[in-house]
Structure formats: structure tokens, C-alpha cells
J.: 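Got a structure here, written out as C-alpha cells. Questions coming.
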Amino acid sequence: SRDGRTILSSSEDHTLILWDVRTGARLHTLIGHADGVIQCEWLTDKQALSISSSTSGSECKLWDVDSEREIRSFSSPGIMRSITACPDRHTFLTGEQYPNVVRAWNVESRQESRHFGEPGDDEILCIGCTRDGRLCLTTTVQHEVKVWDIQQGKLLRRFTQHSGHV
């Protein structure tokens, strides 16, 4: 969590587990995904996002962690592979494949606010957001790191010196 008291883990067993950092105790188990949960991310100290994907599709869920309750879900035409919360706590980004794009989501409306990518882009492996919420970084299977302007959906810089997945 953002306060450092708990951690949240995701698993192929379709669950998320909330752990107490100090004691190592299991506090809650969040159940509700139909497929393995590939990533989770804190949105606030009490709310977390999680994504699961399969060949039939993907979903993102917003959880109230203390009550172990799903607050809302988000679905996409692409396959969500990675997720990051934006600093405003009202927006999150997903890195997707088929198509290989970044999607920005509004937490309250449950709607995609924009998506961006370049034609022929490679599969996005990981996504992150800068502290000011203006830029996001993506990594691809083609050994690239890309920096994007979130509002404009514009590629600002590409780094290509890695020789393996980044």
C-alpha cells in the first residue's frame, strides 16, 4: 500500500492476497477474477486495481481491499498485460496487446478516456507513469523503452539499446 503497511500479491489461482508487512500475516483474500491475475496496483491506500487475461479476453477490477469487495470492473477489446495508477487517483493506464496500445481509463465513469500507440507497435510488456502524471513509459518485446505524452498520446522518445526484453 502507499502507506507501506500492507502488500498485495496477485496469482494465477485467480486471487489477490493482502499481507501485513510487519507480521507477515495474511489479512484478506480477494476472489472474483475468472482467470489468473497477472498484475495488481494500488490506486489509494484502500483501493487496488487488478487485471486478468486469457485468450478469450481480459478484465480489470477495482477493489475495496478492506471489505474484500469488488467496486467496479472494466473491459477492453484488447488483452490487458500491464497496469499503472496515475497520481491523480482518478485515472489508470493499461498496456495491451491485440491491438498493442496504451489505454487511459477514468475510474468513476468506467470508460476509456483515450488510447494511443503507433501502427505496427510491438506487444507492451510493462507500463509506468511519472509522478506528475504527464508521461508514461512502456517496454516492448522488441527491446524498446518508449516515453509517451499521455494527454496528447504522442510518442516523445524511443530507447533501443537493450539486447533483450525490457
Side-chain angles (χ1 to χ4, degrees), residues 1-2 7-12 14-16 30-65 69-159 165-166:
S1 62
R2 298 196 177 277
I7 61 170
L8 190 64
S9 60
S10 57
S11 173
E12 289 182 355
H14 306 198
T15 67
L16 295 102
L30 308 178
I31 301 170
H33 278 285
D35 296 299
V37 185
I38 58 174
Q39 190 178 351
C40 56
E41 171 85 7
W42 288 101
L43 184 65
T44 68
D45 279 336
K46 303 290 183 187
Q47 296 179 334
L49 296 156
S50 59
I51 56 173
S52 65
S53 291
S54 71
T55 55
S56 61
S58 63
E59 66 181 346
C60 175
K61 293 185 180 289
L62 175 65
W63 300 89
D64 178 303
V65 176
R69 190 177 51 99
E70 178 187 328
I71 299 171
R72 63 185 54 99
S73 63
F74 306 81
S75 60
S76 172
I79 297 177
M80 298 176 187
R81 303 300 299 162
S82 56
I83 190 169
T84 190
C86 293
D88 67 8
R89 305 290 173 248
H90 301 290
T91 308
F92 67 92
L93 306 174
T94 56
E96 301 186 15
Q97 67 181 116
Y98 311 119
N100 299 327
V101 298
V102 172
R103 290 187 200 280
W105 299 87
N106 180 288
V107 172
E108 294 305 316
S109 73
R110 301 182 191 187
Q111 299 297 311
E112 173 190 329
S113 57
R114 72 189 74 73
H115 68 272
F116 49 90
E118 294 186 311
D121 264 358
D122 299 310
E123 178 184 341
I124 296 170
L125 297 176
C126 189
I127 189 167
C129 187
T130 57
R131 288 185 188 206
D132 63 9
R134 291 180 32 243
L135 305 175
C136 80
L137 289 81
T138 59
T139 65
T140 72
V141 296
Q142 292 301 320
H143 319 155
E144 293 181 318
V145 176
K146 295 179 180 180
V147 179
W148 301 87
D149 179 297
I150 295 171
Q151 289 298 320
Q152 296 178 13
K154 180 180 175 186
L155 179 63
L156 301 177
R157 189 163 316 272
R158 180 186 319 248
F159 300 91
H165 289 177
V166 290

J.: Under the side-chain contact (heavy atoms from CB on, under 4.5 Å) test against Val102, which residue among Thr84, Ile124, Thr94 passes?
T.: Ile124
J.: Would you say Gln39 and Arg81 make side-chain contact, with heavy atoms under 4.5 Å?
T.: no
J.: Between Thr91 and Trp105, is any pair of side-chain heavy atoms under 4.5 Å apart?
T.: no
J.: Is there a side-chain contact between Cys60 and Ile83 in this structure, where contact means two heavy atoms from C-beta onward sitting under 4.5 Å apart?
T.: yes
J.: Parallel, tilted or perpendicular: which one describes the rings of Phe116 and Trp148, with boundaries at 30° and 60°?
T.: tilted
J.: Would you say Leu43 and Leu62 make side-chain contact, with heavy atoms under 4.5 Å?
T.: yes
J.: Is any side-chain heavy atom of Leu93 closer than 4.5 Å to a side-chain heavy atom of Ile150?
T.: yes
J.: Report, as yes or no, whether the 6.0 Å neighbourhood of atom CZ on Arg89 holds more than 12 heavy atoms from other residues, nucleotides or ligands.
T.: yes
J.: How long is the span from the OG1 atom in Thr138 to the CD atom in Glu96, to the nearest 0.5 Å?
T.: 12.5 Å
J.: Taking side chain as C-beta onward, heavy atoms only, is Val145 less than 4.5 Å from Leu137?
T.: yes
J.: Is the closest side-chain heavy-atom distance between His33 and Lys61 below 4.5 Å?
T.: yes
J.: Are there over 12 heavy-atom neighbours, none belonging to Phe159, within less than 6.0 Å of that residue's CZ?
T.: yes
J.: To the nearest 0.5 angstrom, please state how far the SG atom of Cys129 sits from the CG atom of Asp132.
T.: 7.5 Å
J.: If I take atom OG from residue Ser9 and atom CG from residue Leu30, how far apart are they, to the nearest 0.5 angstrom?
T.: 9.5 Å
J.: Atom CD of Glu59 and atom OG of Ser52: how far apart are they, to the nearest 0.5 Å?
T.: 4.0 Å
J.: Can you find a pair of side-chain heavy atoms, one from Gln47 and one from Ile71, that are under 4.5 Å apart?
T.: yes
J.: Quick one: pull up OG in Ser50 and CG in Leu16 and give me the separation to the nearest 0.5 Å.
T.: 4.5 Å
